Amino acid sequence: MSKNIDWSSLGFGYIETEQRFVSNYKDGSWDEGVLTGDSQVVISECAGVLQYAQTCFEGLKAYTTEDGKVVCFRPDLNAQRMSDSCKRLEMPVFPEDKFVEAVAKVVEANIDYVPPYGSGATLYIRPYMFGSNPVIGVKPATEYQFRIFVTPVGPYFKGGVKPIVIRVSDFDRAAPNGTGHIKAGLNYAMSLHAIQDAHEQGYAENLYLDPATRTKVEETGGANFIFITKDGKLVTPKSNSILPSITRRSLMYVAEKYLGMEVEHREVYLDELKDFAECGLCGTAAVISPVGKIVDHGKEICFPSGMDDMGPVTKKLYDTLTGIQMGRIEAPEGWIKVIKE
Ligand SMILES: *Cc1c(COP(=O)(O)O)cnc(C)c1O
C-alpha cells in the first residue's frame with residue numbers, strides 16, 4: 001500500500017523511510033551488506049570522514065512509469081562514477097554490479113514510498129561512502145561504510161518551471177587541483193559560501209569559470225550547462241574539472257538520436273554566451289532548469305527565450321528525456337532498470 005503522503009505538497013527534503021542498505025569494508029574486503037531499519041550512523045569521534053573529509057556520494061531517482069512499473073534511470077552510470085570518485089579519494093570501490101543490486105533492494109524495500117505516476121514527485125536515491133575508523137595522521141582510512149537511503153521528493157521547482165537568474169562567480173567551485181570531476185562533499189563544502197553569497201545578492205546560482213584562465217564556462221554548484229545556438233545546435237562545456245552529469249550525457253544522446261540535432265561537446269567561452277538562444281542547467285534533481293539571464297559583474301546577458309518560460313528547444317529536450325524516464329517514450333537499450341513490474 002502506497003504511504004499516505006500528500007505527494008503534490010512534497011518539497012526537495014529528507015523524509016526518513018523504512019529501510020536502508022549498509023555494507024562495511026574491513027581487512028581489505030566488503031561484507032555482504034544488509035537492509036536495516038536503523039537510520040543512525042555511529043562512528044568514532046576520530047573517523048577519517050570527520051577529520052579529513054574522506055567521503056563521496058551519488059544521486060539518482062526511481063519513478064513510477066505510465067504503465068505502473070517502478071524503474072530507475074541508468075544506475076550503472078552512477079555506479080561507474082562512484083568508482084571514479086572513490087579512486088580519486090583513495091577509498092575502496094564498491095563493486096558496480098553490487099551497487100546496482102543494492103539500489104534495487106533499497107527501492108523494493110521502500111516501495112510504498114515511490115510516488116505515483118503523474119504526481120510530479122519521485123523517489124530520490126542517495127548512495128554514499130565514508131572512512132569510518134579512527135585516523136589522526138594524514139592518511140586514508142582502512143575501514144569504510146557504504147550506505148544507500150531513499151527519500152521521496154517533490155518536483156524541484158514548485159508551481160512550474162520558471163527561468164532563473166544566475167551570476168558569474170568570482171569564487172571557484174572546487175579546489176583547482178583536479179577534484180572537480182568527482183561527486184564529493186568536499187566540493188560542495190567549498191561551494192556553500194559562494195551559494196549563500198549569490199543568494200544574498202539575489203542570484204539563484206553561480207556560474208563558475210575555469211580557475212586557470214577564468215575565460216571558460218565550467219558548471220554551477222550542482223548542475224552542468226547546456227546551451228542552444230540560434231540555429232538549434234546543442235552546445236555543452238567540455239572540461240576535466242566538471243562533474244560528468246548523467247543527465248547531460250543523456251540529453252546529448254536524446255538531442256542527436258531522438259531530435260536530430262547537432263551536438264557540440266567543447267570548450268565554451270564566457271564571451272560567446274551572448275550569442276546563444278537558450279541556456280539551461282541539467283542534473284538529476286531538476287532534469288533541466290532554464291536560465292533566463294546571466295549577470296557578469298553588472299553586465300547582463302539576456303537569452304532570447306526570456307524570463308517567462310523554458311525555451312522551445314530546451315522544452316523539447318526536457319519532454320523527451322522525462323518521457324523516456326516515465327515510460328511514455330521508448331528508451332535506448334539499457335537505460336531503464338525495472339525494479340518492480
Ligand atoms: C550531481 C552533480 C551534477 C549532475 O549530475 P547528474 O548525474 O546529471 O545528476 C552536476 N554537477 C555536480 C557538481 C554534481 O554534483
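Whatever order the structure lists ligands and atoms in, that order sets their numbers, starting from 1. None of these values were measured; they are calculated from a predicted model. In what follows, residues are counted from 1 in the order of the sequence shown.
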S.K.: Does Arg173 come within less than 4.0 angstrom of ligand 1, counting non-hydrogen atoms of the residue?
M.R.: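 Judged by the 4.0 Å heavy-atom criterion, Arg173 does count as contacting ligand 1.
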
S.K.: Suppose we measure from atom 2 (C) of ligand 1 to each protein heavy atom; which comes out shortest, and what is that distance?
M.R.: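 Looking at atom 2 (C) of ligand 1, the protein heavy atom closest to it is Lys183 NZ, 2.6 Å.
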
S.K.: Could Glu18 and Lys3 be called an ion pair, given the rule that one side-chain N must be under 4.0 Å from one carboxylate O?
M.R.: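 Result for this pair is yes, salt bridge flagged.
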
S.K.: Any N/O of Thr220 closer than 3.5 Å to an N/O of ligand 1?
M.R.: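 Checking ligand 1 against Thr220, no N or O pair falls under 3.5 Å apart.
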
S.K.: Report yes or no: does Gly221 have a heavy atom closer than 4.0 Å to ligand 1?
M.R.: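 Flag set, Gly221 near ligand 1.
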
S.K.: Checking Thr142 against Asn133: is there a side-chain donor and acceptor pair closer than 3.5 Å?
M.R.: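 Yes, a side-chain donor-acceptor pair sits under 3.5 Å.
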
S.K.: Which of the numbered atoms in ligand 1 are under 4.0 angstrom from any heavy atom belonging to Arg81?
M.R.: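 Here the atoms of ligand 1 in question are 5 (O), 6 (P), 7 (O).
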
S.K.: For a salt bridge (charged side-chain N to carboxylate O under 4.0 Å, His left out) check, start with the C-alpha distance between Glu58 and Lys183, then their side-chain angles and the critical distance, and finish with the verdict.
M.R.: CA-CA 7 Å; Glu58 271 303 325; Lys183 202 165 181 76; 5.5 Å; no

S.K.: Check this for me: does any side-chain nitrogen of one of Arg74 and Glu333 sit under 4.0 Å from a carboxylate oxygen of the other?
M.R.: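 No, no charged N to carboxylate O under 4.0 Å.
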
S.K.: Under 4.0 Å from a heavy atom of Asn224: which atoms of ligand 1 are those, numbered in the order shown and with their elements?
M.R.: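 Those of ligand 1 that fall under 4.0 Å from Asn224 are 10 (C), 11 (N).
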
S.K.: Which atoms of ligand 1 have any heavy atom of Gly283 under 4.0 Å away?
M.R.: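 Reading through ligand 1 atom by atom, the close ones are 4 (C), 8 (O), 9 (O).
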
S.K.: Do any N/O atoms on Pro244 end up under 3.5 angstrom from N/O atoms on ligand 1?
M.R.: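 No, no N or O pair falls under 3.5 Å.
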
S.K.: What's the shortest distance from atom 15 (O) of ligand 1 to any protein heavy atom, and which residue and atom give it?
M.R.: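 The protein heavy atom lying closest is Tyr188 OH, 2.5 Å.
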
S.K.: Which protein non-hydrogen atom lies closest to atom 9 (O) of ligand 1, naming both residue and atom, and how far is it?
M.R.: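 For atom 9 (O) of ligand 1, the nearest protein heavy atom is Thr284 OG1, 2.6 Å.
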
S.K.: Is Asp210 salt-bridged to Arg214, cutoff N-O under 4.0 Å?
M.R.: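 No, this pair does not count.
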
S.K.: For residues Tyr188 and Arg173, is any side-chain donor paired with an opposing acceptor at under 3.5 Å?
M.R.: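 Short answer, no.
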
S.K.: Can you pull out the closest protein heavy atom to atom 3 (C) of ligand 1? Residue, atom name and distance to 0.1 Å, please.
M.R.: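 Going atom by atom, the protein heavy atom closest to atom 3 (C) of ligand 1 ends up being Gly222 O, 3.3 Å.
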
S.K.: Can you check whether Glu219 has an N/O within less than 3.5 Å of an N/O in ligand 1?
M.R.: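 Yes, at least one N or O pair falls under 3.5 Å.
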
S.K.: Show which atoms of ligand 1 fall inside a sub-4.0 Å distance from at least one heavy-atom site of Ala223.
M.R.: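 That gives atoms 10 (C), 11 (N) of ligand 1.
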
S.K.: With a 4.0 Å cut-off on N to O distance, would you call Lys233 and Glu264 a salt bridge?
M.R.: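 Between Glu264 and Lys233 there is a salt bridge, with a charged N closer than 4.0 Å to a carboxylate O.
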
S.K.: To the closest 0.5 Å, what do you measure between CD (Glu219) and OG1 (Thr236)?
M.R.: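 The OG1 atom of Thr236 is 10.0 Å from CD of Glu219, to the nearest 0.5 Å.
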
S.K.: Please tell me whether Asp31 and Ser23 have a donor and an acceptor in their side chains that are separated by less than 3.5 angstrom.
M.R.: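 Yes, because at least one side-chain N or O of Asp31 sits under 3.5 Å from a partner of the opposite role on Ser23.
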
S.K.: What do you reckon, does Gly59 put a non-hydrogen atom under 4.0 Å from ligand 1?
M.R.: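 No; Gly59 lies far enough from ligand 1 that no heavy-atom distance drops under 4.0 Å.
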
S.K.: Does even one non-hydrogen atom of Glu58 get within less than 4.0 Å of ligand 1?
M.R.: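 No; Glu58 lies far enough from ligand 1 that no heavy-atom distance drops under 4.0 Å.
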
S.K.: Taking only heavy atoms of Thr247, which atoms of ligand 1 are found under 4.0 Å from at least one of them?
M.R.: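 Heavy-atom distances to Thr247 below 4.0 Å select 6 (P), 8 (O).
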
S.K.: Under a 3.5 Å cutoff, is there a donor and acceptor pairing between the side chains of Arg126 and Tyr128?
M.R.: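 No, no side-chain donor-acceptor pair sits under 3.5 Å.
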
